[in-house]
Amino acid sequence: MSRVDRKREREGASTTSPDPYLESAAALLPTLPQLDGFGASPIAMGESELEAGQIDPHAPPEGGFRLDLVLDLDHTLVHATEWSHASASTGAQRFFLEGPRRGHYLLRARDGLRAFLEEARQIANLYIYTMGSRSYTRQVLSLIDPNKEVFTEKVLCREDGQEEIFPKSLAHVCEAEHRRRYMLVVDDREDAWDSISRGHVLQIPAFRYFRSDGAAPAADPSGADSALYDVLRVLQAVHADIHEGRHPHVPSALLARRRAVLHGQHLVFSGGLLNDAPLNQKRSAYWRLAEVFGATCHLRMNEQVTHVVSRSANTNTVGKALETPRIFAVSPLWLIHSCSRWHRQSEEPYQYSLATTSPRNLDIRPADIKAMVDRVLRVLPPTLTKGERLQVLIKYVVPHEHKEHANLLLAKYEQESGEEVRRKALEELKQLAGVEALKTVLQACELTP
């Protein structure tokens, strides 16, 4: 065996084994703007359709400082698919679309949408900017805002039959540059926006409830999607940063919040994670992602290193980390989830141990569990039901590889009336989350352990 082959074996860096997390990491990175379709622009839906207002560039904010929140629709707030007789419609609404794409469709709103919109409108004016057609946009808004109480500002979309793909721009929302300073965009596609607007975009993980064929929900649609709660936390922080004078505008506040996620953390990558950039490992998706969110990356172990991020526990670098109490050895999902949620995640659910070859959930002190639950509860909208709070909190105490199974058990515990079924579901949840963790979560949701 050659020296190179021996090194690959030690580091777990197989050139033929695909990295299941690389695409997720790359999707979170800033990208170049699209260059086609310049000259085209969206239309503003009129008052006769949605009672949509127009921005007065000289009007002061009412009721104190408010942000302007520009929201995308598809894969950000909702997911729609063509309806078929085989479609599974649990939690979805059905509508009929006229025009070029005439037919029946199913629409699924993202988890927590109603509560998110209610909380967001307390500190921001809400706008819609979608590449969907006029007919489609009208139908979607009639389902998610039937009383026209939330989206009272401008709604931008494409005209029915309009085929041009053009970069979105905040200049389409408001021509007055000084008003655009306070605009924050939530979209699953940062690359859909022009370069000037990019600094205003808070990218959210794409919401895909249905399979691509539209025949049934995706493999894990029942898992509580906490993305809108994460966005709400950042939105509230950015609003406070500007209102209290810490930052002059949205791009500055967003940049600071992004860099603060992993500030002070020093990372080394192992297990072949940098193989997507063999000529210059600093161009790897993982390396760039970590730096964008404030971490400092190193090619080799040194005294500054705080984390070893690896696809495998069977590498020399992970072994060294496990022998050093101050260094965490974690799965790449720790990095991806921290960045996608704009909040450094607890290492425990992603951590390797000397006894296992996969991340495990370590024993956490009850006081730490209580503190974590309290932090999450502070950013959850008060309008959530006990069951909705439970869906969010359970994700924080169950190891990531068991979340799908935990969601199924949670559904049994909430929906089944038989005591024996509920008891068995609760026992299994205890095995996954730990007795103290589950007890703390149930008590926080005012449910009986």
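- Considering V201, V185, I204, L202 as possible partners of E190, the one that fulfils the side chain to side chain contact (heavy atoms under 4.5 Å, CB included) test is V201.
- Between R108 and D111 there is a salt bridge, with a side-chain nitrogen of the basic residue lying less than 4.0 Å from a carboxylate oxygen of the acidic one.
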Might you work through the ring-ring contact (aromatic ring centres under 6.0 Å, His included) test for H337 and Y350, ending with a clear yes or no? CA-CA 10 Å; H337 290 171; Y350 308 91; 5.5 Å; yes
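- Ionic pairing of D187 and R189 is not present here: no N-O contact between side-chain nitrogen and carboxylate oxygen is shorter than 4.0 angstrom.
- Annotation: side chain of L170 is in contact with side chain of H200 (closest heavy-atom distance under 4.5 Å).
- For the pair L254 and L184, the minimum side-chain heavy-atom distance is below 4.5 Å.
- In this structure, F328 has its ring center closer than 6.0 angstrom to the ring center of H307.
- Ion pair D68/R180 not flagged as a salt bridge, since none of the NZ, NE, NH1 or NH2 atoms sits closer than 4.0 Å to an Asp/Glu carboxylate oxygen.
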Does the pair Y129 and D72 meet the rule for a side-chain contact (heavy atoms from CB on, under 4.5 Å), with working shown? CA-CA 5 Å; Y129 192 157; D72 177 48; over 6 Å; no
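- The aromatic ring centres of F293 and H263 sit 6.0 Å or more apart.
- For Y21 and W334, the gap between ring centers reaches or exceeds 6.0 Å.
- Put simply, the side chain of R66 gets close to the backbone of Q122: a donor and an acceptor are under 3.5 Å apart.
- Between the side chains of N314 and Y352, no donor N or O sits under 3.5 Å from an acceptor N or O.
- Remark: the T315 side chain and the S270 side chain contain an N/O donor-acceptor pair separated by less than 3.5 Å.
- In this structure, K154 fails the cation-pi test against Y127, since its NZ or CZ atom is not both closer than 6.0 Å to the six-membered ring centre and inside 45 degrees of the ring normal.
- In plain terms, the two heavy atoms of T137 and V155 that are nearest each other are CG2-CG1, 3.9 Å.
- No salt bridge links R283 with D276; every basic N to acidic carboxylate O contact stays at or beyond 4.0 Å.
- Residues C297 and V268 have side chains not in contact (no heavy-atom distance under 4.5 Å, counting atoms from C-beta outward).
- Taking CG of L73 as the start and SG of C157 as the end, the distance is 9.0 Å to the nearest 0.5 Å.
- Here the shortest heavy-atom pairing between V250 and M183 reads CG1-O, 3.4 Å.
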